[in-house]
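Residue numbering restarts at 1 for every chain, and letters A, B, ... go by the order of the sequence lines.
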Amino acid sequence: MKETAMRSGRAAARLIRQKQPLNKLSSAAWVLLRAVLVTGLCFVILYPLFFKLSISFKARGDMLDPTVLWIPKHVTLDNFRFAASTLRYAETFTNSLVISLLTTVLQIVSCSLAAFGFARLKFKGSGVLFALAVFTIVVPSQTLMIPTYLNYRYFDPAGIIGWFGGGQGLNLLDSYWPFVLQAITGMGIKSGLIIFIFRQFFRGIPKELEEAAYIDGCGVFQTFWRIMLPNAIPAIITGFLFSFVWMWNDNYYAGLLLTKIKVLTTTLPMMWTATQFEDGLYGYMIKNTGELLFIAPIVILYMFVQRYFTESIERTGLVG
Amino acid sequence: MTMKPARKLWKLPIGGRSLSLSDKKSWLGVLFVSPWFIGFVFLFAVPLVQSLLYSVNTLEVGLEGFDTTFAGLRFYDELFTEHATYTRLLVESLVDLAINIPSIVVFSLFAATLLNQKFRGRVLARAIFFLPVLLATNLITVEQSSDMAMVAQNVSGADGGGALKSTELEALLLQSGFGSGITSYITGSVNRIYEIISHSGVQILIFLAGLQSVSPALYEAAKIEGTTGYEAFWKITFPMVSPLILTNLVYTVIDSYNYNKLSVLISDTAFDALNFSLSAAMSWVYFAVTGIILLALVRLVSTKVFYYD
């Protein structure tokens with residue numbers, strides 16, 4: 001009797017040791033907790049998007065109807081029509097797109113050139129210059145605001161335009177030139193960060209690859225163009241996405257340098273101040289629709305590149 | 001010892017004498033970096049000095065260009081003794097920063113650890129988690145959080161909005177013996193979860209990249225020795241990514257330039273009140289204060305950081 005009890009006890013102990021039910025239980029609990037956390041956080045992130053999406057298709061009556069929560073009863077495109085016309089969407093969208101694309105492409109070019117120089121073509125003082133490049137993102141852009149404004153208002157670097165009888169210099173406000181100049185000289189929004197990312201990535205590409213190219217008779221430019229850049233595509237996609245999005249969302253430079261040229265970031269706040277007083281609720285709906293129109297291009301762009309983007313993180317060499 | 005070709009930077013590549021590859025490369029390096037360098041001088045260094053000069057001069061913009069007359073530290077004096085809102089806003093933005101930094105860094109490390117694990121739907125979860133990086137603009141985020149509170153009230157039947165508030169959590173924490181200060185900090189962070197998420201996108205990215213560069217061999221060895229996942233996190237993961245905590249602290253401070261209230265005041269002072277010098281002085285005080293904070297953070301944290309190599 002005692003023996004069998006002991007035997008079954010021992011068997012149970014062995015079973016526990018083999019199957020580790022406590023470990024299994026805790027890992028199952030963790031899986032559950034993780035699922036809840038991830039879903040919850042995803043919900044918090046997506047909530048405003050769904051919220052705007054739902055509002056933008058509702059008729060005004062649906063907002064007051066207590067039986068309507070998410071799916072509108074009277075689906076309408078009037079909100080989009082009204083928001084697009086108050087935003088002058090065709091015009092502002094084109095301006096925003098042109099500025100963002102232009103600066104992004106130029107910024108990628110200038111930053112990748114500089115980053116390659118910093119990573120592989122060392123010269124005396126290149127370390128110090130790289131430190132300065134990173135330092136540029138530490139200075140708040142507000143500190144440079146007034147000189148930047150006056151600089152483009154009376155544009156005359158090193159007095160060159162004065163020699164040709166330009167008087168006080170050119171007025172570059174309300175043109176694309178300030179954005180082009182900033183981007184092409186690697187001084188756009190957070191260019192220092194992009195240079196940093198690119199440099200880290202270039203440093204991660206094996207030196208042998210580069211040397212093989214030199215032995216095969218490639219020049220430095222050819223090596224850069226045909227070996228380094230194709231290998232750095234993940235980093236370039238990351239840089240492209242960041243740079244485009246920062247420019248698209250920027251209202252600091254747009255507000256500072258553009259008054260006649262309307263972009264989305266400057267018209268969006270104006271639309272809200274214009275519509276909220278007549279009919280608060282409708283103004284609120286229009287505001288959400290307008291914001292949806294503002295973020296839609298980015299979300300669509302992200303849908304296309306997110307596969308490369310999220311998978312590229314592993315190889316971006318952001319670290320190390 | 002082999003002879004190294006002397007680096008003569010003053011020697012221009014003219015005159016037929018062929019340069020050695022390393023000389024050539026360093027010249028090309030100068031060439032590659034030069035567009036950036038031109039921009040650095042004309043669009044960064046010169047404006048930075050000018051801005052400092054404008055803050056100690058009275059700047060008058062007329063039709064004929066602009067004039068400056070020396071004013072000494074008058075504007076700095078005005079800021080702290082006369083200006084109605086500046087000091088208050090400065091302190092407020094610093095307090096906000098002090099509140100946000102720990103939540104953002106802790107949350108982003110947590111989220112990165114979560115996203116680094118293997119589970120079904122990870123690709124989708126990652127895609128969603130990086131969405132706030134793209135939508136982080138001061139145009140929308142502020143309204144979004146108030147939207148959420150309003151709608152939460154509507155959804156939950158208008159009794160104080162239980163949907164996204166943390167009253168139960170608060171009671172739980174208080175009962176289990178946490179101090180009231182830390183409790184209100186934690187529940188406050190939970191209530192501002194959207195704000196925190198939307199400001200921690202890049203930080204998650206940096207942590208995730210760091211987590212992926214930790215060698216799996218370390219975890220395997222630890223597992224053979226019988227460590228639990230919890231121990232492995234504190235003994236392996238945390239030290240290995242600790243340099244990135246420093247990076248993320250710095251980035252969080254830099255990122256806060258874009259959304260604090262002070263930047264609005266600075267640009268309003270310049271372009272609505274047309275007081276350019278006062279605005280320049282404001283921005284310099286702000287820069288100096290954040291600079292000191294950054295230096296202190298780097299000093300404080302870098303001694304505690306573990307470097308693998």
Using a cut-off of under 4.5 Å for heavy-atom pairs, which of [options] has the most such pairs with chain B?
| options | value |
| --- | --- |
| A/W30, A/Y252, A/F130, A/F244 | A/W30 |
| A/L241, A/T148, A/V38, A/L129 | A/L129 |
| A/G186, A/G255, A/G117, A/C42 | A/C42 |

N/O donor-acceptor pair under 3.5 Å between B/Y286 side chain and A/P140 backbone: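 Not at all, since once roles are kept as given, no pair shorter than 3.5 Å links the two residues.
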Would a 4.5 Å heavy-atom cut-off, applied to side chains only, mark [X] and [Y] as touching?
| X | Y | value |
| --- | --- | --- |
| A/L46 | B/L131 | yes |
| B/S279 | A/I146 | yes |
| B/S267 | A/M145 | yes |
| B/L205 | A/F242 | yes |
| B/W27 | A/V220 | no |

Between B/V241, B/I197, B/L262, the one whose heavy-atom pairs under 4.5 Å with chain A are most numerous: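 Option with the greatest count: B/I197.
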Could you look at [X] and say if it's the side chain, the backbone, both or neither that has a heavy atom under 4.5 Å from chain A?
| X | result |
| --- | --- |
| B/L124 | neither |
| B/F110 | side chain |
| B/I254 | side chain |

For residues 188-199 of chain A, dump all side-chain donor-acceptor pairs below 3.5 Å to protein atoms at least two apart in sequence or in another chain.
unit_1 : atom_1 : unit_2 : atom_2 : d
A/K190 : NZ     : B/Y251 : OH     : 3.3
A/K190 : NZ     : B/D255 : OD1    : 3.3
A/S191 : OG     : A/Q107 : NE2    : 2.5
A/S191 : OG     : A/G188 : N      : 3.0

Atom group of A/T136 that falls short of 4.5 Å from chain B, counting heavy atoms: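 Both parts, heavy atoms under 4.5 Å.
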Engaged part of A/A133 at the chain B interface, taking heavy atoms whose separation is under 4.5 Å: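 Contact with chain B: backbone and side chain both.
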Distance, nearest 0.5 Å, that separates [atom1] of [X] from [atom2] of [Y]:
| X | Y | atom1 | atom2 | answer |
| --- | --- | --- | --- | --- |
| B/L114 | A/L41 | CG | CG | 7.5 Å |
| A/E210 | B/K25 | CD | NZ | 5.0 Å |
| B/L28 | A/F221 | CG | CZ | 5.5 Å |
| A/Q142 | B/T269 | CD | OG1 | 11.5 Å |

Atom CZ of A/F50 with >12 non-hydrogen neighbours under 6.0 angstrom: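 No, not enclosed.
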Ring pair (Phe, Tyr, Trp, His ring centres under 6.0 Å) assessment of A/Y149 paired with B/F271: CA-CA 10 Å; A/Y149 179 79; B/F271 295 107; 4.8 Å; yes
Can I get a per-line list of side-chain donor-acceptor pairs under 3.5 Å for residues 29-43 of chain B, giving both atom names and the distance, sequence neighbours left out?
unit_1 : atom_1 : unit_2 : atom_2 : d
B/S34  : OG     : B/L31  : O      : 2.6

Qualifying residue for side-chain contact (heavy atoms from CB on, under 4.5 Å) with B/P47, from A/T143, A/L144, A/V139: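 Only one of A/T143, A/L144, A/V139 forms a side-chain contact (heavy atoms from CB on, under 4.5 Å) with B/P47, namely A/L144.
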Evaluation steps, side chain to side chain contact (heavy atoms under 4.5 Å, CB included), between B/Y257 and A/S141: CA-CA 8 Å; B/Y257 298 157; A/S141 44; 5.8 Å; no
